[in-house]
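Counting from 1, the numbers follow the sequence of the chain as shown.
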Amino acid sequence: MSASSAVAAAEAAAKVEWGDMVVISSVVIGAATFLFRKYLFGGKQAAELTIAQKTAITQAQKLTADTSHEYSVDRDFVLKMRKAGKNVVILYGSQTGTAEDFATRLAKDIQSAAVRPLVLDPELYDWQGLASLGEDELAIFVLATAGEGEPTDNMEAWFNALASDRESPEESEMPEFREPESKPEFDSEMPLLGVSFAMFGLGNNTYEHFNHHARVVDGRLQALGAARVGERGEGDDDADIEEDFARWKEATLPLVRQFLGAPTPTEDVAPQATWMVIELEAKVVWDSGQFSETPAPVFDSRHPYSAPVVMARELTPQADRHLVHIEVDLAGSGLHYDAGDHIGVYPTNADEEVDLLLAALRLRHKADTPISVTATDPFAAQQSLFPVETTTYRAAFRHYLDITTPVPRAQIKALMLPHARSDAARNFLRPLADNKDAHAAFVVAGCLSLARLINAVREAESAHAEAQSPFELPVEAALELCPRLQARLYSISSSSRVHPDRPSITAVVLQYDSKADASGTTTLGTRRCGAATNYLLGALRYLRGDRAVELESDTRPGILVTANDQLPQIADASTVAPVYDAKKHMLQSFTVHPLPGSTLADRQLALPVFIRKSTFRLPADLATPIIMIGPGTGLAPMRGFIQERALLAREAAASGTPMGTALLFFGARTQEHDYMYRDELDELFTDIRTAAPESRIITAFSRDQSQKIYVQHRLVEYAELVYRTLLCGQETLGGAPRAHIYVCGDAKSMARDVTQALVSLVATREGVSEDVAARWFSDMRRLSRYQEDVWS
């Protein structure tokens with residue numbers, strides 16, 4: 001899709017009739033009144049909104065057609081199940097794609113003559129039909145938790161129905177399910193009696209509300225009369241979510257089969273393929289990573305906008321790693337952002353990785369053959385694997401599939417072991433499929449992608465002189481082994497008040513050496529590269545004028561950005577020795593598709609992006625002090641906040657409006673090489689101090705002295721200033737501080753250490769126990785005064 005056609009489509013979609021605006025406004029006001037009736041007509045005080053209430057009012061703004069409960073055949077998931085001859089519905093709540101992938105794999109694992117699953121996106125179906133499930137049918141929920149314990153976007157309507165009171169779900173109002181004709185003794189007080197379900201949640205224990213989404217839905221379903229099959233599973237992305245999922249399946253799937261009267265399946269039998277690959281002689285082939293064959297009416301995570309890159313630069317040229325700053329232009333797209341939001345970027349896989357997989361699957365000779373990939377099940381919710389009808393093997397592996405992540409243990413067992421024909425292959429794969437420690441030591445520690453694992457199997461066969469029938473994996477199995485390539489979310493590092501249409505990305509480029517040496521499989525060795533950040537670096541290299549070669553083949557369009565002068569003369573990029581730069585960074589090669597009309601001389605490029613709204617927000621009252629703690633690239637959202645505060649400070653100084661203190665705690669490795677945005681931050685804080693004199697930047701450079709110093713240490717060192725800022729003009733706190741605290745960065749260590757430092761600091765100065773101080777900070781979180789944007 002060209003940028004010009006996308007802009008035209010977005011502009012056309014933005015034209016709304018006045019009558020429609022009146023209806024929509026009425027719906028929003030009515031929804032907000034309903035959601036906040038306890039504040040408008042009850043005894044609760046609405047001095048501040050909690051995270052749950054903020055989320056609710058945001059969702060009220062989205063309510064249009066969803067407010068109608070009129071029955072729709074197309075949205076009746078039970079009817080769809082029965083028409084398809086299915087007896088299990090798997091509903092996923094997915095924000096980044098992992099839960100959706102787990103749901104699809106789960107369907108594969110339980111499928112048999114007696115267990116007939118259907119995977120559905122709940123956003124496309126009405127929750128009112130849940131009570132219609134029969135006693136011989138089962139619902140399985142695979143639910144990820146987003147943000148601060150929130151449901152995923154596609155489960156929002158279901159969650160709101162089940163837990164209308166987000167603060168106290170057990171006090172929620174009774175959902176109005178459709179009364180099923182098949183249940184003449186329907187109990188309106190326990191409407192889900194006779195309904196059975198299973199539950200697996202995906203979360204991260206570094207967050208305060210671990211697996212909150214799954215826990216709430218699980219509790220509400222049971223409170224409404226539903227019976228759970230097996231225990232609720234809880235996956236922890238901070239530990240090993242794949243193993244958590246595998247353990248839950250091992251314990252729960254036998255109970256599911258027993259519930260549905262299914263026998264135990266025979267092992268090592270190749271399952272029925274989910275996808276069918278048809279090679280075509282098509283005239284129209286979508287091979288440049290398009291996300292739609294027609295212009296999208298609106299841009300979102302499923303229909304990203306091709307945003308022109310208007311700035312790309314290195315932030316710390318003298319550092320020992322790459323830190324990139326990228327700005328894109330959203331003008332005309334209809335997309336808007338606020339400081340604190342996230343921008344999603346869909347990456348492109350490196351040519352070396354694409355060629356490695358093509359060779360492993362014996363597809364090199366037909367890499368650019370047009371293909372169509374459709375579901376083998378005519379009732380499957382997803383009938384096409386890719387967003388376009390026709391693509392190529394090369395384009396599929398480059399743009400649409402995640403080909404670099406380690407192969408999960410359960411997938412080795414289900415989709416690779418059944419295709420092992422030799423004893424050597426079976427003996428090699430069996431421990432990796434059955435033993436989690438063996439899998440962790442070899443596949444996970446070695447970061448063995450599918451291509452590397454296939455090559456490792458063949459090496460094992462060669463070592464045992466069994467190369468006469470080498471391991472072959474059907475391409476249909478490979479398509480299931482490679483999950484969908486997901487967008488990466490980055491905290492936007494700019495303010496929309498200062499740069500309305502130009503959100504910026506601040507990212508460190510990820511590279512590391514794997515811990516186990518299974519590198520005989522490829523010349524690429526043990527070096528592993530983050531797919532998205534190296535793609536961003538590739539974009540920067542192209543735009544600044546690094547070596548790029550136009551590919552002249554009609555079947556392989558694009559421009560190859562490569563530091564290797566042997567490419568593209570040598571067709572297989574994975575066989576060429578890698579090139580390293582002065583930072584000892586391996587420079588991957590990327591095929592890019594410039595903007596229409598752009599040439600190697602002017603070099604213009606677009607990135608497929610969308611905006612993900614966040615609750616990470618500055619306080620509405622300018623007089624409220626803020627404390628920002630953002631080491632490393634955790635500085636990103638703080639930069640947006642600081643830009644905004646500096647703009648408001650200039651206005652406040654002119655009008656005499658009071659403004660609260662702003663403190664920034666920033667940390668990096670060294671001051672000389674790693675202090676990003678230094679001059680800009682100094683200028684912005686000079687402006688902020690005109691209205692808030694105590695505002696300042698406090699730095700912690702861990703490697704500038706013999707003993708490492710981090711931001712949590714600086715909090716202790718500047719305890720008096722921090723405490724004075726928290727007091728917000730009071731003599732003592734006596735409860736949750738009214739100032740706002742923002743933390744961005746590492747969740748596992750930094751965020752926890754920062755919280756503990758603040759708890760200890762307040763406990764000491766207030767003369768209370770740390771337990772009491774910890775409760776005050778919990779209250780701050782509940783009131784949206786302590787917000788985190790963290791990752792592990």
Side-chain angles (χ1 to χ4, degrees), residues 77-78 80-82 84-94 98-122 125 129-144 155 158 192-202 211 213-215 217-222 224-235 241-269 271-272 274 377 379-381 408-411 413-415 418 433-434 480:
F77 73 91
V78 177
K80 184 178 181 70
M81 285 174 62
R82 292 171 182 168
K86 309 294 185 180
N87 57 359
V88 178
V89 60
I90 303 177
L91 298 158
Y92 61 84
S94 188
T98 304
E100 181 181 358
D101 179 50
F102 277 21
T104 303
R105 286 160 49 183
L106 178 61
K108 189 86 173 180
D109 292 339
I110 63 175
Q111 184 171 327
S112 68
V115 183
R116 302 177 300 280
L118 180 65
V119 179
L120 296 179
D121 181 347
Y125 297 91
L130 193 57
S132 300
L133 283 173
E135 294 183 352
D136 57 349
E137 295 170 324
L138 179 71
I140 303 179
F141 292 86
V142 182
L143 305 180
M155 264 293 289
W158 287 58
L192 298 185
L193 279 175
V195 173
S196 298
F197 74 98
M199 176 73 65
F200 183 79
L202 297 82
N211 264 307
H213 184 194
R215 291 177 181 181
V217 173
D218 179 54
R220 292 296 296 142
L221 291 176
Q222 293 188 71
L224 295 168
R228 190 179 64 210
V229 175
E231 296 298 318
R232 179 184 68 243
E234 294 192 344
I241 201 167
E242 285 285 351
E243 280 303 316
D244 295 333
F245 187 47
R247 280 193 297 271
W248 176 79
K249 288 192 297 181
E250 289 170 5
T252 305
L253 296 198
L255 300 177
V256 169
R257 295 187 182 101
Q258 181 182 359
F259 174 81
L260 296 169
T264 302
T266 304
E267 288 192 359
D268 296 351
V269 174
Q272 177 185 351
T274 300
D377 182 353
F379 295 101
R409 183 167 65 93
Q411 296 290 80
K413 185 173 186 176
L415 293 168
D434 292 344
E480 290 191 57

* Asked: Can you list the steps and then say if Asp101 with Arg105 is a salt bridge (Lys or Arg N to Asp or Glu O under 4.0 Å)?
  -> CA-CA 6 Å; Asp101 179 50; Arg105 286 160 49 183; 3.1 Å; yes
* Structure fact -> d(Lys413 NZ, Asp109 CG) to nearest 0.5 Å is 9.5 Å
* Applying salt bridge (Lys or Arg N to Asp or Glu O under 4.0 Å), run through Asp244 and Arg247 and close with a yes or a no. => CA-CA 5 Å; Asp244 295 333; Arg247 280 193 297 271; 2.4 Å; yes
* Do Trp158 and Phe77 have ring centres separated by under 6.0 Å? -> yes
* **Check: Glu243 main-chain N/O paired with Trp248 side-chain donor or acceptor under 3.5 Å** => no
* Asked: Is there a side-chain contact (heavy atoms from CB on, under 4.5 Å) between Arg409 and Glu242 once you walk through the steps?
  -> CA-CA 8 Å; Arg409 183 167 65 93; Glu242 285 285 351; over 6 Å; no
* To do: First locate atom CG of Leu224, then atom CG of Leu193, and finally report the distance between them rounded to the nearest 0.5 Å.
  => 9.5 Å
* Given Leu221 and Phe141, is the side-chain contact (heavy atoms from CB on, under 4.5 Å) satisfied, shown in steps? -> CA-CA 11 Å; Leu221 291 176; Phe141 292 86; 3.6 Å; yes
* Structure fact -> Separation between CE (Met81) and CG (Leu120), nearest 0.5 Å, reads 8.5 Å
* Interatomic spacing from CZ in Arg220 to CG in Leu192 - rounded to 0.5 Å -> 9.5 Å
* To do: Using atom types as modelled and distance alone, determine if a side-chain donor or acceptor of Gln222 lies under 3.5 Å from a backbone N or O of Ala227.
  => no
* To do: Compare every heavy atom of Ser94 with every heavy atom of Ala99, then report the nearest pair and how far apart it is.
  => N-OG, 3.6 Å
* Specify the closest pair of heavy atoms between Lys249 and Ala410, including all atoms of both residues, with the distance to one decimal. => NZ-CB, 3.8 Å
* To do: Quick one: pull up CD1 in Ile140 and CG in Leu253 and give me the separation to the nearest 0.5 Å.
  => 7.0 Å
* Give a yes or no on whether the backbone of Arg232 and the side-chain of Asp218 come within a donor-acceptor separation of less than 3.5 Å. => no
* Non-hydrogen atoms of Ala198 and Thr252 that approach each other most closely -> CB-CG2, 4.4 Å
* When rounded to the nearest 0.5 angstrom, what distance separates CZ in Arg82 from CG in Leu118? -> 13.0 Å
* Asked: Would you find a donor on one side and an acceptor on the other, under 3.5 Å apart, between the side chain of Arg116 and the backbone of Gly85?
  -> yes
* Asked: Can you name the nearest heavy-atom pair linking Val119 to Ala381, along with the distance?
  -> O-CB, 3.0 Å
* **Distance-minimising heavy-atom pair for Met155 and Pro122** => SD-CG, 3.6 Å
* What pair of heavy atoms forms the shortest contact from Gly261 to Ala114, and how long is it? -> O-CB, 4.1 Å
* Has the side chain of Asn211 got a donor or acceptor atom that lies under 3.5 Å from a matching backbone atom of Glu234? -> no
* Asked: Under 4.5 Å between any side-chain heavy atoms of Val88 and Val115, yes or no?
  -> yes
* **side-chain contact (heavy atoms from CB on, under 4.5 Å) evaluation trace for Val78 with Leu133** => CA-CA 7 Å; Val78 177; Leu133 283 173; 4.0 Å; yes
* To do: Using the side-chain contact (heavy atoms from CB on, under 4.5 Å) rule, take Glu137 and Lys86 through it: C-alpha gap first, then chi angles, then the decisive distance, then the call.
  => CA-CA 8 Å; Glu137 295 170 324; Lys86 309 294 185 180; over 6 Å; no
* Asked: Ring centroid separation for Tyr92 and Phe102, is it under 6.0 angstrom?
  -> no
* Is there a donor-acceptor contact under 3.5 Å from the side chain of His213 to the main chain of Leu143? -> no
